[in-house]
Amino acid sequence: MLLGILVVLCFIPTADVTENKILVAQRPLLIVANKTATLVCNYTYNGTGKEFRASLHKGTDSAVEVCFISWNTTNTSSNSNKEFNCAGSHDKDKVIFSLWNMSASQTDIYFCKIEAMYPPPYVYNEKSNGTVIHVKETLIQTQEPQSAIPLWIMVAVTGVLAFYSMLITAVFINYWQKSKKNMYHQSDYMNMTPRHPPYQKNKGYPSYAPTRDYTAYRSWQP
């Protein structure tokens, strides 16, 4: 009886205890200062898959797929979320995700997901610890245009121009005052003092009476 059981067990094929598994390793922190990040997803796979898909996810719940890349022995394709600038590439045992034009609002934790799509069985990695991508805010510095003329020269020229302007103004005011004074002294005044008529000083004319010309009256007498 025991011998028969052993014979039966000998004919049962041994089950393959090797389990298809994908393990992913990521660096814990990535600081971005120039808006560009490169995230490397290292993975190990002990299966026989020929078609794979790798994707990058954002958030603690991996709710946002940033971009993905899929490949097989002959073709490679990739796509990116419209809110991100992302592209993926693959190499032996690693997938590289490149992101550019990142903003501070995109600071978050990112997870790599590797899937063996074909042939069956379908396998994907367990969730890794992820990578915190910290995007620093870029400060926009406004640089004042540099003047081609040194500052001290501009100050000196400005001072000289101001001095000459004040000097010219003072000379003009002095000249104007002198001209006004000369015009006042050189003005012609009419002599309004009344004169006595010739040869008539003793005839009782008022001192203010104007002088008459009597020659006009003699011209028509006979």
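Counting from 1, the numbers follow the sequence of the chain as shown.
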Quiz item: Is it true that a side-chain atom of E115 and a backbone atom of E51 form a donor plus acceptor pair closer than 3.5 Å?
Solution: no
Exercise. State the OH-CE distance between Y124 and M117, to the nearest 0.5 angstrom.
Key: 12.0 Å
Quiz item: What is the minimum heavy-atom distance between A37 and V32, and which atoms define it?
Solution: CB-CG2, 3.5 Å
Quiz prompt | Pair L39-Q26, side chain to side chain contact (heavy atoms under 4.5 Å, CB included): steps then yes or no | solution = CA-CA 8 Å; L39 179 57; Q26 301 176 223; 4.2 Å; yes
Practice problem: Carefully, step by step, assess I133 and M102 under the rule side chain to side chain contact (heavy atoms under 4.5 Å, CB included). | Solution: CA-CA 10 Å; I133 298 181; M102 299 188 73; 4.0 Å; yes
Practice problem: Just jot down the ring-ring contact (aromatic ring centres under 6.0 Å, His included) partners of H90, sequence neighbours excluded, or say none. | Solution: W71
Quiz item: Can you tell me how far the OG atom of S128 sits from the NZ atom of K113, to the nearest 0.5 Å?
Solution: 12.0 Å
Quiz item: Does F84 have any ring-ring contact (aromatic ring centres under 6.0 Å, His included) partners at least two apart in sequence or in another chain, and if so, which?
Solution: none
Practice problem: Apply ring pair (Phe, Tyr, Trp, His ring centres under 6.0 Å) to Y110 and F97, showing your working. | Solution: CA-CA 11 Å; Y110 291 77; F97 290 104; 9.9 Å; no
Quiz item: Would V171 end up clustered with I168 when hydrophobic side chains under 4.5 Å apart are linked, directly or stepwise?
Solution: no
Self-check item: Nonpolar side-chain network containing I31, other nodes, edges under 4.5 Å
Solution: L29, I109, F111, V132
Quiz item: What closest approach, in Å, do T48 and P119 show between heavy atoms, and which atom pair accounts for it?
Solution: O-CD, 3.8 Å
Quiz item: So do the side chains of N46 and N20 get within less than 4.5 Å of each other, counting heavy atoms only?
Solution: yes
Practice problem: Check the pair Y45, Y43 against ring pair (Phe, Tyr, Trp, His ring centres under 6.0 Å), reporting the backbone distance first and the verdict last. | Solution: CA-CA 7 Å; Y45 174 60; Y43 70 94; 7.7 Å; no
Quiz prompt | K94 vs V40 side-chain heavy atoms within contact, under 4.5 Å | solution = yes
Self-check item: Sidechain-backbone polar pair: T158 side chain, M154 backbone, donor-acceptor under 3.5 Å
Solution: yes
Exercise. Check whether any side-chain heavy atom of I22 lies under 4.5 Å from a side-chain heavy atom of T44, and answer yes or no.
Key: no
Quiz item: For the side chain of E126 and the backbone of L23, is there at least one donor-acceptor N/O pair under 3.5 Å apart?
Solution: no
Self-check item: Distance in Å, C41 SG paired with D93 CG, rounded so as to fall on 0.5 Å steps
Solution: 13.0 Å
Quiz prompt | Contact summary for V66 and K58, nearest pair of heavy atoms | solution = CG2-CB, 3.8 Å
Practice problem: Look at atom NZ of K127 and say whether more than 12 heavy atoms of other residues, nucleotides or ligands are closer to it than 6.0 Å. | Solution: yes
Practice problem: State the SG-CG distance between C67 and L99, to the nearest 0.5 angstrom. | Solution: 6.0 Å
Self-check item: Y118, OH: over 12 other non-hydrogen atoms inside 6.0 angstrom
Solution: no
Quiz item: OG/S80 to CG/L56 distance, rounded to the nearest 0.5 angstrom?
Solution: 9.5 Å
Quiz item: When you look at N81 and V64, which way does the side chain to side chain contact (heavy atoms under 4.5 Å, CB included) test go after all the steps?
Solution: CA-CA 9 Å; N81 188 315; V64 179; 3.9 Å; yes
Quiz item: With the threshold set at 4.0 Å, does a side-chain nitrogen-carboxylate oxygen contact exist between K82 and E65?
Solution: no
Quiz item: Going only through I, L, V, M, F, W and Y residues with side-chain contacts under 4.5 Å, is there a path from F52 to V24?
Solution: yes
Quiz item: Between T131 (side chain) and R27 (backbone), is there a donor-acceptor pair under 3.5 Å?
Solution: yes
Practice problem: Mind listing the closest non-hydrogen atom pair of A87 and W100 along with its distance? | Solution: N-CZ3, 3.8 Å
Self-check item: Closest heavy-atom pair and its distance - A54, I114
Solution: CB-CD1, 3.5 Å
Exercise. Compare every heavy atom of G88 with every heavy atom of I69, then report the nearest pair and how far apart it is.
Key: CD1-O, 3.3 Å
Exercise. Starting at CG of N79, measure out to OG of S77 and round the result to the nearest 0.5 Å.
Key: 8.5 Å
